[in-house]
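Order of the sequence lines sets the chain letters (A, B, ...), proteins ahead of strands, with each chain counted from 1.
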Number of protein chains: 2
Amino acid sequence: MAVTMNDVARAAGVSLKTVSNVLNDYEFIRPATKQRVQDAIAELGYEANLTARSLRSGKTRMLGLVLSDLSAPYYAELASRLMKAAAQRGYRVLVEQSDAVGDAELNALQGPFRQLTDGLLFTPLVMDADAIAGRLGKKPLVMLGEHILDPRFDLVTMKNGEAAAALTSHLVAGGRRRIAVLGARADESAGSAGLRLNGYRSALDKAGIPFDPALVAPCEWRRDEGAAAVAGLLDRGIDFDAVFGLNDAIALGAMHELLIRGIKVPEQVAVAGFDDIDEARFASPSLTTVSPGMAEIAERSIALLIDRIEGRETAGEGVQVESGFQLQIRESAP
Amino acid sequence: MAVTMNDVARAAGVSLKTVSNVLNDYEFIRPATKQRVQDAIAELGYEANLTARSLRSGKTRMLGLVLSDLSAPYYAELASRLMKAAAQRGYRVLVEQSDAVGDAELNALQGPFRQLTDGLLFTPLVMDADAIAGRLGKKPLVMLGEHILDPRFDLVTMKNGEAAAALTSHLVAGGRRRIAVLGARADESAGSAGLRLNGYRSALDKAGIPFDPALVAPCEWRRDEGAAAVAGLLDRGIDFDAVFGLNDAIALGAMHELLIRGIKVPEQVAVAGFDDIDEARFASPSLTTVSPGMAEIAERSIALLIDRIEGRETAGEGVQVESGFQLQIRESAP
DNA sequence: CTGAAAGCGCTTACAG
DNA sequence: CTGAAAGCGCTTACAG
């Protein structure tokens, strides 16, 4: 049997409530009493039972993180940072993978997962704003790194459009005119893919370069899909002098396929990505990309969610946070 | 207020216990009763309170996963698979990052983290067998992908030594004689690093190639460290014709550094890694490595841990599982 | 097959 | 500042 608060109370000669007060940093405790309780805790090696605390208080001090796939490098790095930011504030992060399946997202939103957490960081890939708003419940939810700009939701994201435009302009400044875009999603205009695609188009507009839909290839945001997408363009005989992967994984997959086929990067085709995952620096050639300020995203989304949970943030409408970005110009598109 | 079992019992006209029986798939319930309860559950939208269940039963249906850093690609892929394997069996995985810090490992082993989980998958980098055995507690613990081969512990791992030897023999068969090893750890002879290093040495022995300690460079298992380690060898003027990174991240970092310096891979220096992370296939040149059967490791470690938790595995001594491996010969060391 | 009672270990009003 | 009581929502013996 584990040591309980009752044991501590008995050992210290006080009531249960007094022990509870000490544990919860209640202000008005006589120093001597407090000391006696703390001594008893130390002596008995008492540790609070978190489950009992949760049952009574209704709080778990866990945050839910819903994303499609933890093995994607961007999400892995993000999850790692989020966990550290949460730990500093006394919270843990419980991760749920949705595999970009709608049912899984729905489950994370209202199933048992929700019960286990005091609030959610949510990266929806399938559900739209109305579907989410309809299942919202009363626990706080912060949209993460995603697209749904809706006054009903808190959102921590980056300047997807601006950053994509800046990257595209950089490619144009390097003399590229036919820039293929990999990773667009047909069904999604407001999502990250859509926002980045819009940024690309606006940069082309600004440069007076006509938009060619033949240069836009949809694919999932993985290395193998990026490779397949660029292979498709080549096999269809489509001419291009640059590739913009809507994330780094796509770009790295595409770059691999180009090199395999003997196409020189960046001499014949420049390649650029998005996310600045660690891998981008060490690719050969190293990958030009956009750094989305992941540290800031992690820090601010955790802070916002916990502020909501603990009632410090009380804005009726959603709070929108946009982190800054930085171009990382490297060998693949100098 | 959420719907409780009491509400369901009242609606169905049965006692609490009967509702509990239905929820827990107790065999002997009259079908009509069961149906009435299930109808009431559906009608009221009842969902069991997991916290209350945990408090009473002492089970959380969560598994703890302790590793150094979730953003390392191997761990990210492994965690993703473990979560899926656990989910299939009705368990969740709660991840704790130790940053390879001893205190953090100790905390995960006996702090509140332990309370939240029914069992642990543990990848210790600092603590040794005796330290762990001393803090073991009564909840099951499975050593994961690591070195501690001790009859007191359950262990799921791979054939580190054999695989490293096979890879080294492959390099030797390709004509390499001076094979640098990156990622050795001075303090660790039994760990993964030590086992892989031993495999390397035994393969050299077999080939009649003398072991040269100057070719062994210690470093952390990250890309930047692999790059720095190979840079160190080059700057010290040490001659080598192959690099064996003790994991893929090291090898990829080293390969990047070689290419930056105009050294041709594999013509001048062959490069090989260990883990077969997705990134290895898409590197340029693609990376020769060892596939450790991660799917098998994930599946078997989850199965073993849950068998322990649920009392199906009752061996008094530790159960040792070694997954198979496969050489992945690619461009960096054909 | 089903019920009434006890209790897991805390926190939360409510008194004083 | 501190105490006695109630109760969070379940499961677990124990009866019958």
Task: Whole-Å distance separating the CZ atom of B:Arg36 from the P atom of C:dC1 - done: 14 Å

TODO: Under 4.0 Å between any heavy atoms, over every strand shown, what does A:Thr33 touch: base, sugar-phosphate, or nothing? Just pick one.
DONE: sugar-phosphate

- [ ] Scan B:Val14, B:Asn21, B:Val19 and name whichever one has a side-chain contact (heavy atoms from CB on, under 4.5 Å) with B:Thr33.
- [x] B:Val14

Task: Side-chain touch A:Val156/A:Met143, heavy atoms, less than 4.5 angstrom - done: no

Open item on the list: Counting primed atoms plus P, OP1 and OP2 as sugar-phosphate and everything else as base, spell out the protein contacts along nucleotides 10-16 of chain C at 4.0 Å heavy-atom distance: B, S or - for each nucleotide, 5' to 3'.
Closed with: BBBB---

Task: Sole candidate of B:Leu144, B:Leu67, B:Val95, B:Leu63 that passes side-chain contact (heavy atoms from CB on, under 4.5 Å) when paired with B:Leu82 - done: B:Leu144

Task: Pair A:Glu299 + A:Arg81, salt bridge at N-O below 4.0 Å - done: no

Task: G-U wobble or Watson-Crick pairing nucleotide for D:dA13 (cut-off 3.5 Å, both distances) - done: none

Task: Side-chain N,O (B:Thr18) to OP1/OP2 (C:dC1) below 4.0 Å - done: no

Open item on the list: Considering every strand and a 4.0 Å limit on heavy-atom distances, what is the contact class for B:Thr51: base, sugar-phosphate, or nothing?
Closed with: nothing

Open item on the list: My understanding is that a pair needs two contacts under 3.5 Å, Watson-Crick or G-U wobble. By that rule, which nucleotide pairs with D:dA4?
Closed with: none

Task: Steps toward side-chain contact (heavy atoms from CB on, under 4.5 Å) verdict (A:Trp221, A:Ser192) - done: CA-CA 11 Å; A:Trp221 289 22; A:Ser192 297; 3.9 Å; yes

- [ ] Provide, to the nearest angstrom, the distance between the CD atom belonging to A:Gln115 and the C1' atom belonging to D:dC8.
- [x] 13 Å

Open item on the list: Using the P atom as the point on both nucleotides, what is the distance between C:dA13 and D:dC1, in whole Å?
Closed with: 22 Å

Task: Any donor-acceptor N or O pair under 3.5 Å, side chains A:Gln97, A:Ser68 - done: no

